[in-house]
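Note sheet for the following structure.
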Amino acid sequence: MVVASIYLPNGNPVPGPKFDYKLAWFDQLIDHAAELWASEMPVVLAGDYNVIPTPSTDDVFSEARDGERRN
């Protein structure tokens with residue numbers, strides 16, 4: 001069994017070199033995951049992917065919004 005704890009790079013700000021680096025990192029991860037899948041070994045790729053699959057207003061820190069809640 002292969003177990004990996006993954007921490008993907010932060011891609012902020014968008015657009016920018018950090019975001020480009022993150023996308024390239026994802027491409028390499030996808031290629032490696034495909035190799036693992038083809039090996040038919042049990043694999044767990046867990047961790048912090050630094051991805052928000054919903055609109056950013058749904059579940060990320062907003063100083064303006066969260067500051068209003070504290071007052």
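Residue numbers count from 1 along this sequence. All heavy atoms count here, side chains included; hydrogens, waters and symmetry mates do not. All figures in this text were calculated on a predicted structure; none of them were measured in a lab.
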Could you list the donor-acceptor pairs under 3.5 angstrom formed by side chains in residues 42-50, with sequence neighbours left out?
residue	atom	partner	partner atom	Å
Asp48	OD1	Asn50	N	2.9
Tyr49	OH	Leu45	O	2.7
Asn50	ND2	Leu8	O	2.7

Is Val3 linked to Met41 within one hydrophobic cluster, defined over Ile, Leu, Val, Met, Phe, Trp and Tyr using a side-chain heavy-atom separation of less than 4.5 Å?
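In one cluster with Val3: Met41, no.
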Taking every non-hydrogen atom, the tightest pair across Lys18 and Pro13:
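Looking at all heavy atoms of both residues, the closest pair is CD-CD, 4.5 Å.
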If you look only at distance, which donor and acceptor atoms sit under 3.5 Å apart when one is on a side chain in residues 29-36 and the other is two or more places apart or in another chain?
none

List, by chain and then residue number, the residues other than Val14 in its hydrophobic cluster (Ile/Leu/Val/Met/Phe/Trp/Tyr, side-chain heavy atoms under 4.5 Å); write none if there are no others.
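Via sub-4.5 Å side-chain contacts, Val14 links to Phe19, Leu23.
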State which residues pass side chain to side chain donor-acceptor pair (under 3.5 Å) with Asn12; sequence neighbours excluded, sorted by chain then number.
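For Asn12, the residues satisfying side chain to side chain donor-acceptor pair (under 3.5 Å) (neighbours in sequence not counted) are Asn10.
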